[in-house]
Amino acid sequence: MDRNILYVFFNGTASRNEEMQVREWLEASAENRRIFLKARKLFDMTVLNVQEDTGRQKAGRRTRTAMFLKEAAKTAAIVALTVIVCYEYFQNHARDEDSAMQTVSVPAGQRVNITLPDGTNVWLNARSSLACPVSFNRNERVITLDGEAYFEVAEDKKRPFVVQTVQGVVEALGTHFNVDAYASDSAFEATLMSGSLRVRLKDDDTSHVLLAPDEKAVLKEGKLQVEHVDDYTRYRWREGLICFSNASFVDIMHDFEKYYDISIRVKNTKVTKYSCTGKFRYTDGIDYALWVLRKDIHFTYRRDDENQIMYIE
């Protein structure tokens with residue numbers, strides 16, 4: 001396997017043909033999947049960017065890339081979408097760099113499990129990024145999220161845990177919750193599984209709601225609304241599953257756009273009247289998912305790989 005293909009696949013910029021090469025290699029043996037874990041962990045460590053000054057950041061990026069390619073050549077490893085890397089990103093960094101920030105970015109079709117400096121466990125979904133200080137200060141724990149993440153917050157009654165997004169802000173002391181807030185999307189949703197949660201709009205401190213378990217705050221027409229949650233299958237993305245229950249065809253295509261980093265144009269208006277229930281694995285790929293949907297819904301599709309666009313016709 002060409003190590004350049006390996007790197008662009010890790011980076012989420014591989015072509016369709018390169019992705020197919022990777023998946024075929026992965027399916028060839030259990031040994032390939034075992035080798036992956038070490039290589040993926042190494043690569044993920046290279047995406048932690050300590051953002052202090054531009055010169056150091058650029059030099060660090062070049063060093064990390066060179067380090068990864070050198071090690072990848074030794075191990076001849078391949079990344080797989082099915083494997084989850086769970087390790088502590090932040091705990092090996094110096095605690096005296098209070099002003100330093102670290103960023104974790106997840107490519108399309110993948111998800112990552114990390115542990116923050118305070119012990120909080122976080123799952124990051126596809127095409128998501130999280131910025132966190134090397135060490136939290138004495139008064140609060142603040143992180144910035146672009147995308148979707150599931151949090152298991154380490155309890156600390158003296159320091160609220162704050163998730164800042166483009167649309168809203170979520171505050172907790174110790175609880176389990178999911179936040180869906182991609183900067184590229186006007187939607188915002190915070191869902192509480194256990195504990196309690198305060199959710200407010202980013203630019204309006206007076207507009208806030210308090211959530212109890214099995215409730216979610218949803219941004220609709222510029223206001224936060226509280227809704228009951230009785231189905232948690234949608235949050236099984238942590239298991240590598242894309243789940244939907246009585247979801248519209250358009251909403252399903254929107255999820256596929258998020259997971260597979262492709263723009264989908266629905267030109268066949270007849271499909272918009274359908275709702276579906278089901279689930280796919282990330283690793284199934286969008287072609288397989290559309291093939292399954294076509295069993296019940298009549299449509300065709302074509303791809304423009306050069307522009308990363310898929311047309312539903």
Side-chain angles (χ1 to χ4, degrees), residues 106 108 111 122-131 142-151 153 160-173 175-238 241-266 269-279 312:
V106 183
R111 76 269 189 215
V122 183
W123 283 92
L124 279 176
N125 205 349
R127 297 178 61 195
S128 300
S129 64
L130 180 148
V142 181
I143 64 101
T144 301
L145 172 69
D146 176 4
E148 184 170 17
Y150 179 86
F151 297 87
V153 178
F161 186 89
V162 181
V163 181
Q164 296 180 337
T165 74
V166 170
Q167 298 285 358
V169 179
V170 179
E171 300 178 14
L173 294 176
T175 184
H176 295 186
F177 61 95
N178 190 91
V179 177
D180 189 347
Y182 286 83
S184 58
D185 194 338
S186 60
F188 170 84
E189 182 179 294
T191 306
L192 180 63
M193 285 69 175
S194 66
S196 61
L197 210 60
R198 181 177 183 267
V199 184
R200 64 178 174 83
L201 295 180
K202 184 175 182 181
D203 299 321
D204 185 0
D205 289 341
T206 63
S207 177
H208 70 272
V209 296
L210 297 176
L211 297 183
D214 301 326
E215 290 183 340
K216 66 180 180 180
V218 182
L219 181 61
K220 292 185 176 180
E221 298 180 351
K223 296 183 180 180
L224 289 174
Q225 297 184 13
V226 177
E227 299 179 359
H228 180 72
V229 179
D230 55 12
D231 183 3
Y232 282 95
T233 56
R234 160 172 146 40
Y235 307 102
R236 294 185 65 188
W237 59 263
R238 291 175 293 156
L241 298 175
I242 303 172
C243 301
F244 42 91
S245 177
N246 198 33
S248 70
F249 185 88
V250 173
D251 286 341
I252 295 171
M253 294 305 104
H254 180 70
D255 279 345
F256 287 170
E257 287 182 317
K258 177 172 65 176
Y259 290 113
Y260 296 113
D261 196 18
I262 190 170
S263 177
I264 300 177
R265 310 282 175 81
V266 180
T269 57
K270 292 182 180 179
V271 302
T272 60
K273 66 181 181 180
Y274 290 97
S275 295
C276 305
T277 298
K279 62 175 181 262
I312 305 296

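When a residue number appears, it is its place in the shown sequence, counting from 1. In this text, all values refer to a predicted model and were calculated from it rather than measured experimentally.
The heavy-atom pair separating F177 from V170 by the smallest distance is CE1-CG1, 3.8 Å. Across all non-hydrogen atoms, the minimal contact from F256 to I264 is CB-CD1, 3.8 Å. The two residues A172 and L197 make their nearest non-hydrogen contact at CB-CD1, 3.5 Å.
With hydrogens and angles disregarded, no donor-acceptor distance shorter than 3.5 Å links the side chain of Q167 to the backbone of A187. At least one donor-acceptor pair under 3.5 Å links the side chain of T277 to the backbone N or O of N246. Judged by distance alone, with hydrogens and angles left aside, the side-chain atoms of H228 form a donor-acceptor pair with the main-chain N or O of D214 at under 3.5 Å.
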(Q) Show, in sequence, the C-alpha distance, side-chain angles and deciding distance for V226 and L211, and conclude whether the side chain to side chain contact (heavy atoms under 4.5 Å, CB included) test is met. (A) CA-CA 8 Å; V226 177; L211 297 183; 3.9 Å; yes

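Between L124 and L145, the closest side-chain pair of non-hydrogen atoms falls below 4.5 Å. Put simply, the side chain of V266 reaches to within 4.5 Å of the side chain of M253, judged on heavy atoms. By the 4.5 Å heavy-atom criterion applied to side chains, H254 and D185 are counted as neighbours. A heavy-atom distance below 4.5 Å is found between the side chains of V122 and F151. Under the 4.5 Å side-chain criterion, counting only non-hydrogen atoms from C-beta, L192 is not in contact with E215. Between F188 and L201, the closest side-chain pair of non-hydrogen atoms is not below 4.5 Å. Proximity of W237 to C243: side-chain heavy atoms (C-beta onward) are nowhere separated by under 4.5 Å. Counting only heavy atoms from C-beta outward, the side chains of N178 and W123 never approach each other to under 4.5 Å.
Under the rule for a side-chain contact (heavy atoms from CB on, under 4.5 Å), K273 has no partner lying at least two apart in sequence or in another chain. Taking E257 as the reference, nothing meets the side chain to side chain donor-acceptor pair (under 3.5 Å) condition, with sequence neighbours excluded. The side-chain contact (heavy atoms from CB on, under 4.5 Å) search around L210 returns R198, not counting sequence neighbours. For Y274, the side chain to side chain donor-acceptor pair (under 3.5 Å) criterion is met by no residue, not counting sequence neighbours. Partners of S196 under the side-chain contact (heavy atoms from CB on, under 4.5 Å) rule, at least two apart in sequence or in another chain, do not exist in this structure. Residues passing the side chain to side chain donor-acceptor pair (under 3.5 Å) test with S248 are D251, sequence neighbours excluded.
For R234 and D180, the salt-bridge test passes: some basic side-chain N is under 4.0 Å from an acidic carboxylate O.
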